[in-house]
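Single-structure report; data block below.
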There are 2 protein chains.
Amino acid sequence: MAASLQQVQQTRSQVACNDCHLGELCIPQGLTHCDVERLSNTVRRNRTLRKGEHIYQAGEHYNSIYALKSGTAKLVHMDRMGSESIVSLLLPGELAGFDGVASGRYLCSVVALETVSFCELPSHQIDRLSREMPALYQVILQRTGGKFDECLERMRLLRRPADQRLAAFLLSLSERYRLRGFSHVEFRLTLTRQEIGDHLGLALETVSRMLGQFESAQLIAIEGKLIRILDEEGLQRYSPR
Amino acid sequence: MAASLQQVQQTRSQVACNDCHLGELCIPQGLTHCDVERLSNTVRRNRTLRKGEHIYQAGEHYNSIYALKSGTAKLVHMDRMGSESIVSLLLPGELAGFDGVASGRYLCSVVALETVSFCELPSHQIDRLSREMPALYQVILQRTGGKFDECLERMRLLRRPADQRLAAFLLSLSERYRLRGFSHVEFRLTLTRQEIGDHLGLALETVSRMLGQFESAQLIAIEGKLIRILDEEGLQRYSPR
DNA sequence: CGGCCGCTTGATGAGTGTCAAGCGCCGTGG
DNA sequence: CCACGGCGCTTGACACTCATCAAGCGGCCG
């Protein structure tokens, strides 16, 4: 099967956390070289998925925290009515799985938006290592709390008008790409208009209209899914800091 | 001064966590009697505040997790534009302070809506005890993650129509009062219409109108701030799920 | 008693969702 | 190779929810 062959190759090219290009973006932030070494030994590395496949699904038992290594994914919360809310867009180096910490079951699903690779950190290893490494305990707790902070920020956005939501979304994406060494001026949206709408609480038509509006105002240039930011300050004037 | 006299009395009537009427609602959930004992010794107890005073304010250093013991308070996130968003309404036994875990500074403020008493659990004690008590580590992590879950639930609500938001709010309040041994049929709103609006992302006029609408539909009875739930199932028909 | 605050109620308009039509692109299958 | 169909996107017309503005009422406190 093609998938398993691919996995074998990936396994061969495993990279220890200390050598990972993501560095501090991922969990190692604030840990000593030695601590990272120990952490690294418990990580299941470089598993890959293709577009549309899921890392985990809502309802499954909470087993692990996941670190996205390459590609993008969406963290999705399904409404009972079938309408999905996209809690966040995950870029390389970002972590997922915290929605399972409290209840022991994941509340959301993580779905690959393109081919992705990711690492897996089993929760029992986290618990074990946290006991021995206070710094790891701090990191895990802070990352968990950080998800709450992100949520607050998102809620603040959700009650602003559509143009401000979209401007903030684009600027946030730009900044996050910059932190990861990609261009912050030009990047490809891996979300459809519908998905951007699901993320921002807007209809896809509104997203399309607002993008068009930004383009006519010379703030951005659009070529399909490719976005080029022409006037960052202009966008910032929308976004209430 | 009346306040300090009151505080002396409160100090005298201190209650160890094991004897606290809140029991499992607060942190002790899942801890052994002995663990709670140790925890109890590090807790600063029964401090009181009057309406309008704050337990902590946005921007202050993260020092402690707080447990509300009696009274109600609001967890408030200030927008730069002065408009405030009420992240949550805190009832007795509920915890606050997790908005400071990630960044080391509180993002929100906690303001008393009436006279409140509360306990304080210093963060350095949490860190110290967590290392020795795996169960406490679990509880703290789960509570932190739980705040994220609450946030998700709230965001789901925020994109539903006004009547559904209000119905869900009332039902949630009712349920939480029930868990605390109060009547779930009749309770007093400690929030003004404006504050309910800030919580649900609505104008105060809309809140007032929707309440009126529920009253004419015989779902609730209103006497100022006193709410009586007449038809719980009727309300649930609004609330999705 | 007067003034402020919290609340209700009404009138109006803006911002968006919804519905509908059409276009271009891509993959599929004839 | 081309025709077809589906999907993602754009654009327009319309409806509707809800915010805003405004007025007035009752209660509480100074």
Side-chain angles (χ1 to χ4, degrees), chain A residues 50-52 72 74 79 81-86 111 113-114 156-170 188-217 220-227 238 240, chain B residues 50-52 72 74 79 81-86 111 113-114 156-170 188-217 220-227 238 240:
Chain A
R50 278 165 305 189
K51 180 172 182 172
T72 55
K74 57 178 178 180
D79 230 331
M81 308 314 297
S83 70
E84 70 179 35
S85 147
I86 297 191
V111 180
L113 292 166
E114 53 195 321
R156 216 185 51 169
L157 253 183
L158 283 182
R159 48 179 72 180
R160 311 227 137 250
D163 50 1
Q164 293 184 21
R165 294 187 213 180
L166 195 59
F169 171 69
L170 292 175
R188 200 172 49 83
L189 293 174
T190 51
L191 296 173
T192 66
R193 304 290 191 262
Q194 172 70 58
E195 287 168 325
I196 297 174
D198 288 339
H199 182 51
L200 300 177
L202 299 171
L204 72 94
E205 294 93 332
T206 306
V207 173
S208 181
R209 272 186 258 268
M210 290 299 153
L211 282 174
Q213 193 173 304
F214 286 168
E215 188 168 36
S216 357
I220 60 176
I222 313 176
E223 287 173 44
K225 299 220 161 224
L226 197 72
I227 297 282
Y238 278 89
Chain B
R50 280 165 305 188
K51 180 172 180 172
T72 56
K74 57 179 178 179
D79 231 331
M81 307 314 298
S83 70
E84 69 178 37
S85 147
I86 297 191
V111 179
L113 292 166
E114 54 196 320
R156 216 185 50 169
L157 253 182
L158 283 183
R159 48 179 73 180
R160 312 225 137 250
D163 50 0
Q164 293 186 21
R165 294 188 214 180
L166 195 59
F169 172 69
L170 292 175
R188 199 172 50 83
L189 292 174
T190 51
L191 296 172
T192 66
R193 305 289 190 262
Q194 172 69 58
E195 288 168 326
I196 297 174
D198 288 338
H199 182 52
L200 300 177
L202 299 171
L204 72 95
E205 294 92 332
T206 306
V207 173
S208 181
R209 271 185 259 268
M210 291 299 154
L211 283 175
Q213 192 173 307
F214 287 168
E215 188 168 37
S216 352
I220 60 175
I222 312 177
E223 287 174 44
K225 300 222 160 220
L226 198 71
I227 297 282
Y238 278 89

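Numbered from 1 within each chain, the chains take letters A, B, ... in sequence-line order. These numbers were taken from a predicted model, which means no experiment stands behind them.
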Would A:Glu195 and A:Leu113 satisfy side-chain contact (heavy atoms from CB on, under 4.5 Å), going step by step from the backbone distance to the final call? CA-CA 11 Å; A:Glu195 287 168 325; A:Leu113 292 166; 3.8 Å; yes

Using the rule given for salt bridge (charged side-chain N to carboxylate O under 4.0 Å, His left out), can you reason through A:Arg160 versus B:Asp79, listing the C-alpha separation, both sets of side-chain angles and the distance that settles it, and then say yes or no? CA-CA 11 Å; A:Arg160 311 227 137 250; B:Asp79 231 331; 3.2 Å; yes

Output, in order, the C-alpha distance, side-chain angles, deciding distance and verdict of side-chain contact (heavy atoms from CB on, under 4.5 Å) for A:Leu200 and A:Ile196. CA-CA 6 Å; A:Leu200 300 177; A:Ile196 297 174; 3.8 Å; yes

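In this structure, A:Arg165 places its CZ atom 7 Å from P of C:dT16, rounding to the nearest Å. Atoms CG (A:Asp198) and C1' (C:dT16) sit 15 Å apart, rounded to a whole Å. One interatomic measurement links the two molecules: CG of A:Leu191 to C1' of D:dG8, which rounds to 13 Å at whole-angstrom precision. Atom pair B:Asp163:CG and D:dC18:P shows a separation of 7 Å (rounding to whole Å applied). We find that NZ of A:Lys51 is positioned 13 Å from P of C:dC26, with the value rounded to whole Å. At whole-Å resolution of the value, CD1 in B:Ile196 and P in C:dG6 are 13 Å apart. The distance between atom CG of A:Leu158 and atom C1' of C:dG17, rounded to the nearest whole Å, is 16 Å. B:Gln164 places its CD atom 13 Å from the C1' atom of D:dT17, with the value rounded to the nearest Å.
B:Ala162 and B:Thr206 get closest at one heavy-atom pair: CB-CG2, 3.9 Å. In terms of heavy-atom proximity, B:Ile86 sits nearest to B:His199 at O-ND1, 2.7 Å. When all heavy atoms are compared, the tightest approach of A:Tyr238 to A:Gln213 is OH-NE2, 4.4 Å. For the residue pair B:Glu114 and B:Thr190, the shortest heavy atom distance occurs at OE2-CG2, 3.3 Å.
Counting non-hydrogen atoms under 4.0 angstrom, B:Ala162 reaches the backbone sugars and phosphates but no base. Nucleic acid contact class of A:Gly201 (heavy atoms, under 4.0 Å, all strands): sugar-phosphate only.
At least one side-chain nitrogen or oxygen of B:Lys225 sits closer than 4.0 Å to the OP1 or OP2 atom of C:dC7. Residue A:Arg193 places no side-chain N or O under 4.0 Å from the OP1 or OP2 atom of D:dG8.
End-to-end axis angle of the helix from C:dC1-D:dG30 to C:dG30-D:dC1, using five pairs per end and rounding to 10°, comes to 30°.
Of the residues in residues 204-211 of chain B, those lying under 4.0 Å from DNA chain D by heavy-atom distance are B:Glu205, B:Thr206, B:Arg209.
Enclosure of atom NZ in B:Lys225 by more than 12 non-hydrogen atoms of other residues, nucleotides or ligands within 6.0 angstrom is indicated.
In this structure, the side-chain contact (heavy atoms from CB on, under 4.5 Å) partners of B:Leu158, at least two apart in sequence or on a different chain, are A:Met155, A:Arg159, B:Arg165.
Comparing A:Gly224 and B:Leu202 along DNA chain D, the residue whose closest nucleotide (by nearest heavy atom) sits nearer the 5' end is A:Gly224.
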